[in-house]
Amino acid sequence: MLFPGGVKEVFHGKDEAYKLLWPEKVDFVRTAARFNATIVPLSAVGAADSVNILVDGPDMLNLPFGIGERAANSSANIVAARFDQGNEDELFQPPFALPKPLPARH
């Protein structure tokens, strides 16, 4: 799946729910063409309400006992999909989240 806002939009933090995080230079269609992807519009309501984010992605890199270092190495080894960027411009580290017992909107 490709997201117009990239990794930042997918792995949004605690304070970023319901915010559009699209970059100024949107190369979504170019990226889709590069990977021969079919663009299918999709939307989800309440997805941000279904989990509790306990630790944001950037904070995961600071965890002790080698966990943060391992997360940083894993993120660095992922190839960026953006047309003109390397992976150093995006953090490929998901936040640590747990599902809520019952989503707030259901």
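Scope of the values below: all heavy atoms of this structure, side chains included, with no hydrogens, waters or symmetry mates. For clarity, every value in this text was computed on a predicted model and none was experimentally measured.
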Not counting sequence neighbours, which residues clear side-chain contact (heavy atoms from CB on, under 4.5 Å) with [X]? List them please.
{"X": "I67", "result": "L63"}
{"X": "A72", "result": "L61"}
{"X": "P94", "result": "F11"}

Using a side-chain heavy atom cutoff under 4.5 Å and only I, L, V, M, F, W and Y, what cluster partners does V40 have?
none

Can you tell me how far the CE atom of M60 sits from the OG atom of S75, to the nearest 0.5 Å?
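Separation between the atoms: 11.0 Å.
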
Could you report the tightest heavy-atom contact between V51 and K100, atom names first, then the distance?
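So the minimum-distance heavy-atom pair works out to O-CE, 3.6 Å.
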
